[in-house]
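In what follows, a structure is listed as structure tokens, so that the remarks can point back to it.
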Amino acid sequence: MEYNHKEIEERWQKFWADTKTFTAKNNSDSPKYYVLDMFPYPSGAGLHVGHPLGYIASDIYSRYKRAQGFNVLHPMGYDSFGLPAEQYAIQTGQHPAVTTEQNIKRYREQLDKLGFSFDWDRQVKTSDPSYYKWTQWIFLQLFNSWYNPETDKAEPIDSLIKKFESERSDWKTLSEKEKSDVLMDYRIAYLGEAFVNWCPALGTVLANDEVKDGVSERGGYPVERKLMKQWSMRITAYAERLLTGLDSIDWSESIKEAQRNWIGKSEGCSIRFKIRHPELVSGSDNEMLKQVQHDDTTIEVFTTRPDTLFGITFLTLAPEHELVSKITTEENKQQVEAYLNYAKNRSERDRQADVKKITGQFTGAYAIHPFTGKQIPIWVGDYVLAGYGTGAVMAVPGGDQRDWNFAKHFGLPIIPVIEGSDIEKEANESKEGKMINSDFLNGLQVKEAIKKIIAEIEKRGLGKGKINYRLRDAAFGRQRYWGEPIPIYYKDGIPFAVDEKDLPIVLPEVDKFLPTEDGEPPLARAKDWTYTPHPQPFSKGEGSREPQTSGAVSDSLSFGEGRGEAKEAYPLETTTMPGWAGSSWYYLRYMDPHNEKEFVSKAAADYWKDVDFYLGGSEHATGHLLYVRFWTKFLKDRGFISIEEPAKKLVNQGMIQGVSEFAWVTVSKEVLGKLLSVVNISSDFIEQYEGPAYLSADLVGEVYKIAMKDPEVNTKYSFLKQVNNSTFPIQARKQDRNDVNDLVALDLNVVFNVWPDRKEAVFISQGCALIKNRLIDFENGKSKDFFSRGTIDKMSKSKHNVVNPDELVEKFGADTLRMYEMFLGPLEQSKPWNTNGITGVSGFLKKFWKLYLNTSEEKASAAELKILHNTIKKITDDIEKLSFNTSVSTFMICVNELTDLKCNKREILEPLVILIAPFAPHIAEELWKNFGNNESVTFAKWPEYKEEYTVENSFSYPVSFNGKTRFFHELDVALSKEDVEKEVMALEQTQKYLEGKQPKKVIVVPKKIVNIVV
RNA sequence: GCCGAGGUGAUGAAACUGGUAAACAUGCUUGUCUUAGAAACAAGAUUUUGAGAGUUCGAAUCUCUCCUUCGGCACCA
């Protein structure tokens, strides 16, 4: 009977679905184990071979844990809110809910074909109102909480109101609006004015982690800084806990490091500088010190190097700094304003792109050095970031390279403060050395100096030791449609929380998914986007601050809707939540997905606790993985769950890359002509050339070789570029690609079908050129094929290099694909996809199947038992280490050996089925059933390794001379070192290799090696 | 610039606490079978661990220096 993967896989997939094999129980005597995959965004492109890599690994682990007797929770769902569906909706008018649903359906079909053991009854979709009801609910908890630095945790906002009532005498006199404004500065979800990353092309604000190199991560559109009123999350309150928590979790070092960088803790000191009184133009240093006491304007700076205080020669303020306009003198006003204008109009990308460009302007104002009384000029410069520290720096050009650059550029003085600094050449940023030119710090080592100066600064009340974090509060509002509505309404301009009873606030219908004419977010297009608050029967009326006792945290500020008051509709918030809102708590919802009363029941949360094993891509290092930790800590603070960290162990699977077909492009006519003349190709046609021109890859090699010898061409060679649009669809390959470096001929007609605009381009190969689809034959007898070279690239629909798993499942079966993906290499390593090797795994499964054709009940031989138990041990160890590639090899070795022994014994083959079941579950179920088992192999007990079957009583010692192995000699393992040495020395071969010399030393390592030193 | 992970045959890779480098697979060559191809089966070949130094009887593995690839952060005071 042939191995028929199609029939087997269909049968068992149906069986699993029908019998709900993988349902996880919320109460069980078995120990729990929670295996979680990062849920996918259901894109229109469907799954490619890279997506399942992690799912396969986690599935193997889940199935293994089940066989070990654990109650395994292994769910799957969809992160179904997001930009691509909305962009698509804008283009086509199709509702994102519709396309998202289609995509989910397709994903599900593809996932089902791979035989995953997900508990589909627990599926969540973040865009489902029954799910986002609770995302909104969590938002309300965040809105109604503040971070109490004394208890170091989040508390209900009521505790803050009480505190204000007792501690602030003016509290009662404040208006409703004023109270709201004060509280807003404390709420964890708050509406605040801040500089945000505004992306005009997407029409929305982006969080810091959604911006890379000054452009949006999705789409690559420019981003600018803009001061906006915006919903934000006070993640900064959790900076220290997010940092220290990293030490308690088993996550990859690279992710932890990325988070540490992102949090960016630095220890230093704040110092306040007084500003010289504008009328006092000159005077002795002492007079200055006295005089400034009368002016209460100060500039506060943050520094990690307070020891260099005596090296200050100027202060620099960020252009956005609020004091700039206040302190700028009349004479300098014009230039400073011009500069501020310039800085404002420079986009983030421009600013980051030429960081070397030094710009700035003198304000005309002076600060006074708090120790020396010297006047320090105050400058504005955009090398100082408004968002970090205080937005102002004390410039020490002798000790900081950026300050040094600025000082050099504007001719400001530079004072060395550390012995041995060569301030002519560069700043000395070293934290080692002896202080000079620094008054009472002179002679101290840097570290001592830092301690001493902080103490002195604190003593004189100039500032204090301080810890700063680079982490910023996260922008939470998005001016987009396809996201969770923020459950906030506005009454008299004051934001109020929607009553929990009214959740979910369902996404309204809109006519277009675009901003309104006056730039309001799409939700502003909805009719009646308003909210009518309930009368509050228990409200004590105006001014009441009694916390609600119902347990539900409704908005304690929503007084005023007294009993019997007329219902009135108020406008709702029009921005929506970002993509990371729904994913910041989904792991909790899986525990109790159908609960209509709570986001998760206490019982379910207490049973499943945290994720034991979380698997996903490393691209979420500073986004999702930071936010999910933040929300977890918050929910714990408020007593909803009992865990501090969401996932004990996190593994990042490597990316499966694609191979793109690629050809070089020239952008200049001159270079093209020169290059072609180098390889003796007629360049007559160049007259008709208008870029871009693609060069066949075989031509480029030749051109390159010759060009390197010609200095003129060599320098211009850089005009020959790899650019984004120089890749070609893989369908255009005329033959299969074996290796990335191979040249492959392309069928340009296929290219034109995929990308019609390429017809306008110029293609040059050795024997001909194609210009706007017109062929020019060089008639030189050379190849007319256009070749591309492979390049490792991201696998994506837009690159046309996607390998679809469906075709492979169709041809080879899911079990083969699963094992092949694992066989490719270590889980955490990125690697380009290459389908070629799959035949090896396919052949292996056929061979495996054959072993089971005529099984017998005979007793197994010692040799067979040894193979089995070695396999049990290796497979078990490998799964524990997540070394699935070596597991697959082990199975291959095992099957090869059993085949050689013609083994057909049930005693060996039945346990082997259990071992392979996590990897190739379909074939395992089939063979398991054939042995007469009625239950799924899923719950068969994992075979136990028995050492007694694998002990060897002899070992073949490699005998080496000076470390070089020369021959082998088999000896009893029970022999002592001395006996082994005696035996080996007595050998004829040993004497032969000794060539009559006396050995200096003989090293015997039992069961390892014999080394003879001559 | 800082941080993290790497660098082993033609290719994907393996090698546990230093102890036979290249298991397993792909590719390649040859043969059997077949009308032919695919498949299946059988046989076979290649290399010395990025470079250099050190420790050691012995180093892919430990230490140092350098080169290099990938990823993250980056005007963060």
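Chain naming here is simple, since letters A, B, ... match the order of the sequence lines and numbering starts at 1 in each. Remember, it's a predicted structure, so these values are computed and weren't measured experimentally.
Of the candidates B:C73, B:C24, B:A14, the closest approach to any side-chain atom of A:Pro826 belongs to B:A14. The listed nucleotides are B:A77, B:C24, B:A15; the one nearest the side chain of A:Phe823 is B:C24. Which of B:C73, B:G12, B:G4 sits closest to the side chain of A:Thr622 comes down to B:C73. Picking from B:A77, B:G4, B:G19 the nucleotide with the shortest atom distance to the side chain of A:Ile1009 gives B:G19. When distances are taken from the side chain of A:Lys846 to each of B:A39, B:G19, B:A77, the shortest belongs to B:A39. Relative to the side chain of A:Lys1008, the nucleotides B:A77, B:U17, B:G72 differ in distance, and B:U17 lies closest. Considering only the side chain of A:Asn261, B:C73 comes nearest among B:C75, B:C73, B:A23.
With rounding to whole Å, A:Glu821 atom CD is found 13 Å from B:G12 atom C1'. In this structure, the CG atom of A:Asn836 is 12 Å from the C1' atom of B:A25, given to the nearest Å. We find that CD of A:Gln829 is positioned 14 Å from C1' of B:U11, with the value rounded to whole Å. We find that CZ of A:Phe844 is positioned 15 Å from C1' of B:A23, with the value rounded to whole Å.
Counting non-hydrogen atoms under 4.0 angstrom, A:Asn405 reaches nothing in the nucleic acid. Heavy atoms of A:Thr839 sit under 4.0 angstrom from primed sugar atoms or phosphate atoms, though from no base atom.
Screening residues 891-903 of chain A for side chain to side chain donor-acceptor pair (under 3.5 Å) gives A:Lys847-A:Asn896 as the qualifying pairs, with residues at least two apart or on separate chains.
In this structure, a donor-acceptor pair under 3.5 Å is absent between the side chains of A:Thr236 and A:Tyr469. Looking at A:Glu257 and A:Asn261, their side chains never bring a donor and an acceptor atom within 3.5 Å of each other.
The base of B:C57 sits within donor-acceptor range of the side chain of A:Asn1011, with an N or O pair under 3.5 Å.
In this structure, the ring of A:Phe891 has its center no less than 6.0 angstrom from the ring center of A:Phe848.
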Quiz item: Dot-bracket for RNA chain B, 5' to 3', with Watson-Crick and G-U pairs under 3.5 Å, [ ] for crossing pairs and | for other-strand pairs: what is it?
Solution: (((((((..(((......[....))).(((((.......))))).....(((((..]....))))))))))))....

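By the 4.5 Å heavy-atom criterion applied to side chains, A:Leu412 and A:Pro397 are not counted as neighbours.
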